Protein chains: 2
Amino acid sequence: MPPGLKDVAARAGVSIKTVSNVVNGYVHVAPATRARVQAAIDALGYVPNIAARQLRSGRSGVIALAVPELQSPYFAEIAGLIVQAAERRSWTVLIDQTDGQAERERDLVEGLRRHAIDGLIFSPLALAGEELALRDGTPMVLLGERVWHGPADHVAIDNTAAAADATRHLTALGRRRIAAIGVQNRPSAVTAHQRLAGYRAALAEAGLPVDPALEIPAESFHRADGAAAMARLLDLDSRPDAVFCFNDLLALGAMRTLLSQGLSVPGDVAVIGFDDIEDGRFSTPTLSTVAPDAPRIAQLAVELLAERLGEGAAAAGAPRELRVDHRLVVRESTAG
Amino acid sequence: MPPGLKDVAARAGVSIKTVSNVVNGYVHVAPATRARVQAAIDALGYVPNIAARQLRSGRSGVIALAVPELQSPYFAEIAGLIVQAAERRSWTVLIDQTDGQAERERDLVEGLRRHAIDGLIFSPLALAGEELALRDGTPMVLLGERVWHGPADHVAIDNTAAAADATRHLTALGRRRIAAIGVQNRPSAVTAHQRLAGYRAALAEAGLPVDPALEIPAESFHRADGAAAMARLLDLDSRPDAVFCFNDLLALGAMRTLLSQGLSVPGDVAVIGFDDIEDGRFSTPTLSTVAPDAPRIAQLAVELLAERLGEGAAAAGAPRELRVDHRLVVRESTAG
DNA sequence: GAAGGACTATACAACGTTGCAGGACTTAAG
DNA sequence: CTTAAGTCCTGCAACGTTGTATAGTCCTTC
């Protein structure tokens, strides 16, 4: 029903291939012919059929982005930024939610969509290591720490250093009983492991003991988990005077528990989070946090993919691991 | 490079079409043949090529969802729900951010992707009315109030009634100077118009005057806009004792300004929002709001699209407009 | 014992596009 | 004047899939 090259060609009185050449900006087309073809294109409202183009060329112009969940502000922000970065290369981004389920992550890597996408930007939660190696030739960029050594590029901040920075900020304020919220034991929870490591390192640096009772696990990284974890901390004989939460949502949940118990933040307990989501800039009190350079993460992820998709040279190089900066953002929840 | 029907057929010693029949679950295939073909499929790791399938059938199995911005929790939630609903029909959702720019909305409706998607769920911000009529045969479902009378289905809550409910809640608490934040004059800002209408209706109902000084505009519906609008209200000679914000982000921003000025919520000023995003359940104080039945909106939108995509009958019916329920959620920001 | 139907499998064409090979013509170089 | 190079355009084949048409086999049923 919609017009194809054939219809345009008929109207302009040229061959199908010539129309194709005009559409693709091939140089050796006489200006007069080009104009005539263009007029026909405009008149008919011709739009190239992507499916046919892809079938022919193998490229779809679509990259997939797989994140655990869009509802989480951090991932929503990253997604938005990646869409913008991809747009500059006129790529379309197909966003997938894995809900952190291994099965869905696997489906994505192996599954139906394999032909439909040129590349994949993946923020794995459940899958770790070699399981991801299943993927065939399609280039993949992983967001987050390097969890395996297959042929995929990585873009991440230095989680351990960043967590240490956050914790060090608390020790510098003179806090002595500093809790951590967000510990996860699953082997694939690399991010949590590294933030825990950074936390412990900063404690050691300040000569403070590591107290297992202050390291609170969290099933997932949502406000409710943070609220529940804080409640557990308040049940302790001697409650902490500061908390480092492995992300901002946990921190917001923790603050909610503190404030609803009549405690003051940062008076009684200082709270610091991780991610610098917008919520933390408008909460009461505003939330101190560690801000990863999210725009840069997005930009680099897309660039790495573009290199892999580029012709020859860079396409086959060794997997790369790129570090992105982070910075400490001090707000009311830890400020004097 | 990846195996096709041809390769599977060769390995199983059958025709290409027979493999196709097995893949598509055609009934009249002898069990033995089916098993042999399936074995070949598994052995080769065959995955159907969607592009070819689409080229042949005209259907891509992809629907597009266009929202103003993913960063906004309400849209992120809707997007997540729609992805889930679409998954049950094994559709893939292509999420587009329009950033509320007319041009991007237009591109989407007319543009390149026209062939690539079977249907479109659209939450328009900048475009109104007949401009959307440009779209050819592709079915479209609009989220939000009916802004035109072209051939598209609509799914929305009754914004006017919901806004009146929120405002009525404030009058019932005995508040007399009730402000509104989020007024927009653009003709396409239908949602804002209707919430304003509901607000005014509830004031009238309570015998309160409409005071233009209390109707504060907002460029967009983000926390920063809410914070700025609240600051303007606090500059008034006599400040309001309650605020109805047209969404929760505005409300969170407004609360931030109030609390940072040392005012109490709801003691000095009661605040109510709209959307029931998660942030409001963990803010301090927790935020009263109007909760649209988002899961139902998502479900209906996908169902309507499915009907239009279905064979014959329902596909060509008159455009429908579906109402979804909402309910008032009272939390600390308005509770005694 | 013949006619009809259900079952099983195949071949061919087509979807809309682009790469390749090549033809016809023009201009520049020797 | 011949050859080479450049320009402009065209036809054919192929990408991987599925709908239609067809044909052979086997089982009913009268």
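Residue numbers begin at 1 in each chain, while the letters A, B, ... track the order of the sequences. Here the structure is a predicted model, which means the values were calculated and not measured.
- Remark: A/Ser15 is not in phosphate contact with D/dC9, judged by side-chain N or O atoms under 4.0 Å from OP1 or OP2.
- Each of A/Thr18 and A/His28 was assigned the nucleotide of DNA chain D with the nearest heavy atom; the assignment lying further toward the 5' end belongs to A/His28.
- To the nearest 0.5 Å, atoms CD1 (B/Ile78) and CD1 (B/Ile297) are separated by 4.5 Å.
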**Message:** Across nucleotides 17-22 of chain D, 5' to 3', mark each nucleotide with B, S or - according to how protein heavy atoms within less than 4.0 Å reach it.
**Reply:** BBBB--
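- In this structure, B/Leu55 atom CG and C/dA13 atom P are separated by 17 Å, rounded to whole Å.
- Rounded to whole Å, atom C1' of D/dT10 lies 12 Å from atom OH of A/Tyr26.
- Taking 4.0 angstrom as the limit, A/Thr33 places a side-chain polar atom (N or O) nearer than this to OP1 or OP2 of D/dC9.
- Atom C1' of nucleotide C/dT17 and atom CG of A/Asp7 are separated by 13 Å, given to the nearest angstrom.
- Side chains of B/Ser57 and B/Arg59: a donor-acceptor N/O pair is absent below 3.5 angstrom, by distance only.
- A salt bridge is absent between A/Asp325 and A/Arg296: the closest approach of a Lys/Arg side-chain nitrogen to an acidic carboxylate oxygen does not fall below 4.0 angstrom.
- Just one residue in the list A/Glu307, A/Arg308, A/Met140 forms a side-chain contact (heavy atoms from CB on, under 4.5 Å) with A/Asp153, and that residue is A/Arg308.
- As a whole-Å value, the separation of B/Arg59 CZ from C/dG16 P is 16 Å.
- Shown here for A/Ile121 and A/Ala301, the closest heavy-atom pair between the two residues is CD1-CB, 4.0 Å.
- Distance alone, capped at 3.5 Å, places no donor-acceptor pair between the B/Thr138 side chain and the B/Asp118 backbone.
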